[in-house]
2 protein chains.
Amino acid sequence: MTRNEAVAPYCYSHPHPAVTTDVVLFTIREETLQVLLVRRRNAPFAGQWALPGGFLDPAEDLITCALRELAEETGITDVYLEQLYTFGRPDRDPRGRVISVTYYGLAPADRLTLKAGSDAKQTAWFPYGALPPLAFDHREIVDKAHERLVAKLEYSTIAFQFLPAQFTLSELQEVYEIIRSEPLDKRNFRKWVLARNLIEETGAQRRNGSHRPAKLFRTKYPGRVEIIR
Amino acid sequence: MTRNEAVAPYCYSHPHPAVTTDVVLFTIREETLQVLLVRRRNAPFAGQWALPGGFLDPAEDLITCALRELAEETGITDVYLEQLYTFGRPDRDPRGRVISVTYYGLAPADRLTLKAGSDAKQTAWFPYGALPPLAFDHREIVDKAHERLVAKLEYSTIAFQFLPAQFTLSELQEVYEIIRSEPLDKRNFRKWVLARNLIEETGAQRRNGSHRPAKLFRTKYPGRVEIIR
DNA sequence: CCAAAAGTGTTGTTTATACACCCATGT
DNA sequence: ACATGGGTGTATAAACAACACTTTTGG
């Protein structure tokens with residue numbers, strides 16, 4: 001945020017904050033809940049890990065900005081994002097006043113191919129339980145996203161966003177167990193999810209090792225998060 | 001949003017949107033859910049009803065801005081506000097790019113004395129079911145706030161924000177009935193709320209007409225909204 | 001004594017919890 | 001044949017839903 005008018009042609013009669021979006025993208029890999037981070041190349045916090053995000057373009061929607069920054073910095077596209085919260089403490093960015101509209105989202109591990117281009121920031125998944133120190137107030141943002149994720153698991157179809165189009169009931173149960181960090185009874189879980197009428201058998205099975213094959217299911221509400229109960 | 005540098009000394013190297021806060025304040029009066037609106041004096045939408053709100057000051061928190069604008073435009077202070085959502089469609093304000101961080105809140109009818117000063121905007125309560133046409137995308141904001149209010153009623157102590165420090169069980173039930181717009185069984189409601197251990201008898205009673213007096217209760221969590229269930 | 005809102009219990013139904021064994025497959 | 005994860009039912013407890021009369025007061 002500069003006031004050098006020679007190189008700063010965007011002028012207003014009263015001060016305007018900058019607006020950014022930041023994204024907390026979760027996935028489940030290696031039986032843990034993980035968060036996508038990028039390493040900052042520039043000051044402030046150069047070299048530190050941070051959430052993918054960046055400044056809002058003049059004519060783009062907030063969600064478009066979030067998706068664009070995610071794609072540019074990590075190569076990930078076509079994920080489900082939902083607005084989380086807007087952070088605006090006056091001192092949250094040492095460069096000046098920056099308002100961050102944050103989004104969180106989920107992606108199935110199989111859909112995630114991180115960008116490998118030479119100009120890409122360094123990008124990596126970290127277990128939610130073992131995050132490195134984060135730039136700005138990004139730790140606070142991640143914690144808020146996690147709180148929302150845990151809450152929404154109970155009363156929405158958000159869990160399906162972690163899974164591919166077809167999945168087994170054991171995989172679905174694992175999602176619930178990892179996010180709630182507690183084991184669930186297999187029979188009761190199956191009763192619960194089937195009673196809610198959210199999924200249906202595809203007819204196909206998955207043979208996956210030296211044991212009985214698992215039936216494959218699909219959600220009846222693909223691509224959309226519904227409120228249940 | 002001007003680019004005339006003579007009267008616009010706040011300059012940046014890339015375009016910055018303006019940031020506002022807007023507030024959806026609910027109350028219950030005359031057995032209906034009502035929303036606080038102000039009549040706009042200036043273009044755009046001069047003369048139309050709108051939510052109280054305005055531009056963020058350079059060094060103030062978002063919630064501080066919301067409370068300040070509410071106080072300046074309506075005279076109402078000390079209400080509970082919670083961040084609702086951030087609206088940022090590029091065309092939502094004809095003056096240019098404006099991001100609105102919105103809050104919603106509740107206030108007991110007895111605490112609401114609208115500002116009467118000469119420079120005050122015209123301020124009034126409208127039933128949620130009979131709102132006038134609103135400026136900008138404010139109708140969308142009110143609807144989102146209503147949706148959140150209905151949802152939070154079920155799993156938080158938000159209802160107490162509509163009531164004074166001491167209240168009767170009938171008054172509490174009326175809050176639930178009005179927001180959910182359906183009648184509730186008196187015995188089941190009392191069992192439900194008492195089982196949750198959220199309120200306690202004050203010992204006092206209210207004599208209120210030619211009928212049996214009602215016991216007065218207070219919340220065990222005054223001033224704070226807790227998640228229940 | 002009448003009107004008006006406050007207060008109070010029981011029963012049936014639905015939903016949640018606890019718990020252990022057989023099934024289909026690959027090696 | 002055995003190891004592995006997939007699949008299934010029943011019994012108990014808790015929560016919810018339906019429903020009507022008595023109490024206390026003011027006039």
Side-chain angles (χ1 to χ4, degrees), chain A residues 28 30-31 109 150-151 153-157 159 163-164 166-218 227-229, chain B residues 28 30-31 109 150-151 153-157 159 163-164 166-218 227-229:
Chain A
I28 291 180
E30 297 158 13
E31 295 171 23
V150 172
L153 198 67
E154 301 307 307
Y155 65 89
S156 81
T157 60
L163 295 169
Q166 299 200 358
F167 51 86
T168 69
L169 287 179
S170 296
E171 289 169 338
L172 182 60
Q173 181 175 344
E174 196 189 17
V175 169
Y176 277 80
E177 289 178 330
I178 289 170
I179 297 175
R180 301 182 43 171
S181 39
E182 64 181 2
L184 298 173
D185 179 84
K186 203 200 312 191
R187 282 169 292 188
N188 291 341
F189 178 78
R190 284 164 190 239
K191 253 179 296 178
W192 180 83
V193 65
L194 292 172
R196 262 144 202 77
N197 200 29
L198 305 171
I199 60 176
E200 58 194 3
E201 295 189 26
T202 65
Q205 294 191 328
R206 175 180 300 160
R207 297 152 295 286
N208 199 26
S210 56
H211 52 81
R212 181 170 175 175
K215 288 180 185 169
L216 287 171
F217 290 80
R218 72 170 77 90
I227 303 300
I228 57 180
R229 169 130 306 205
Chain B
I28 291 182
E30 297 158 13
E31 295 172 22
V150 172
L153 199 67
E154 301 307 306
Y155 66 89
S156 81
T157 60
L163 294 170
Q166 299 200 357
F167 51 86
T168 69
L169 287 178
S170 296
E171 288 169 339
L172 183 59
Q173 182 175 345
E174 196 189 16
V175 169
Y176 277 80
E177 288 178 331
I178 289 171
I179 297 175
R180 300 182 44 170
S181 40
E182 63 181 0
L184 299 172
D185 178 84
K186 202 195 322 186
R187 283 168 293 190
N188 290 340
F189 178 77
R190 283 163 190 239
K191 252 178 297 180
W192 181 83
V193 65
L194 292 172
R196 262 142 202 78
N197 199 30
L198 305 171
I199 60 176
E200 57 194 2
E201 295 189 24
T202 66
Q205 294 192 330
R206 174 179 300 160
R207 297 154 295 285
N208 200 23
S210 56
H211 52 82
R212 181 171 176 172
K215 288 181 186 169
L216 288 170
F217 290 80
R218 72 171 77 88
I227 304 299
I228 58 180
R229 169 134 307 205

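Sequence lines set the chain letters: A, B, ... in the order given, protein chains first and strands last, and positions in each chain run from 1.
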* Asked: Hey, does the side chain of Ser170(A) come within less than 4.0 Å of dG6(D)'s phosphate (OP1/OP2), counting only N and O?
  -> yes

* Partners of Phe217(A) by ring pair (Phe, Tyr, Trp, His ring centres under 6.0 Å), sequence neighbours excluded? -> none

* Asked: What's the NE2-C1' distance between His211(B) and dA5(C), to the nearest Å?
  -> 5 Å

* Touch check for Arg207(B), heavy atoms < 4.0 angstrom, all strands: base, sugar-phosphate only, or nothing? -> nothing

* To do: Whole angstrom is fine here: how far is it from CG in Asn208(B) over to P in dG27(D)?
  => 12 Å

* Structure fact -> Between CD of Glu171(B) and P of dG7(C) the distance, given in whole Å, is 11 Å

* Structure fact -> DNA chain C nearest-nucleotide lookup for Pro213(B) and Ser210(A): closer to the 5′ end is Pro213(B)

* Atom CD of Gln173(A) and atom P of dG5(D): how far apart are they, to the nearest Å? -> 14 Å

* Over how many whole Å does the gap from Glu174(A) atom CD to dG6(D) atom C1' extend? -> 14 Å

* Take the protein atom CD of Gln205(B) and the nucleotide atom C1' of dG7(C), then report the distance between them rounded to whole Å. => 11 Å

* To do: Quick one: list whatever passes side-chain hydrogen bond (donor to acceptor under 3.5 Å, both in side chains) with Gln166(B), sequence neighbours left out.
  => none

* Rounded to whole angstroms, how far apart are CZ on Arg206(A) and C1' on dG26(C)? -> 17 Å

* Over 12 foreign heavy atoms within 6.0 Å of CD, Glu31(B) -> no

* Structure fact -> 5' to 3', nucleotides 12-23 of chain C under a 4.0 Å protein heavy-atom cut-off (B base, S sugar-phosphate only, - none) gives ----SBBBB--B

* **Check against salt bridge (Lys or Arg N to Asp or Glu O under 4.0 Å), Glu171(B) and Arg206(B)** => CA-CA 12 Å; Glu171(B) 288 169 339; Arg206(B) 174 179 300 160; 2.4 Å; yes

* Asked: Going from CD on Gln173(A) to CG on Asp185(A), what distance comes out if it is rounded to the nearest 0.5 angstrom?
  -> 7.5 Å

* **CZ on Arg218(B) to CD on Glu201(B), rounded to 0.5 Å** => 10.0 Å

* Distance, rounded to the nearest Å, where Phe189(B) contributes CZ and dG9(C) contributes P -> 18 Å

* Structure fact -> Closest non-hydrogen atoms of Thr168(B) and Ala214(B), given as atom of the first, atom of the second and distance, are CG2-CB, 3.6 Å

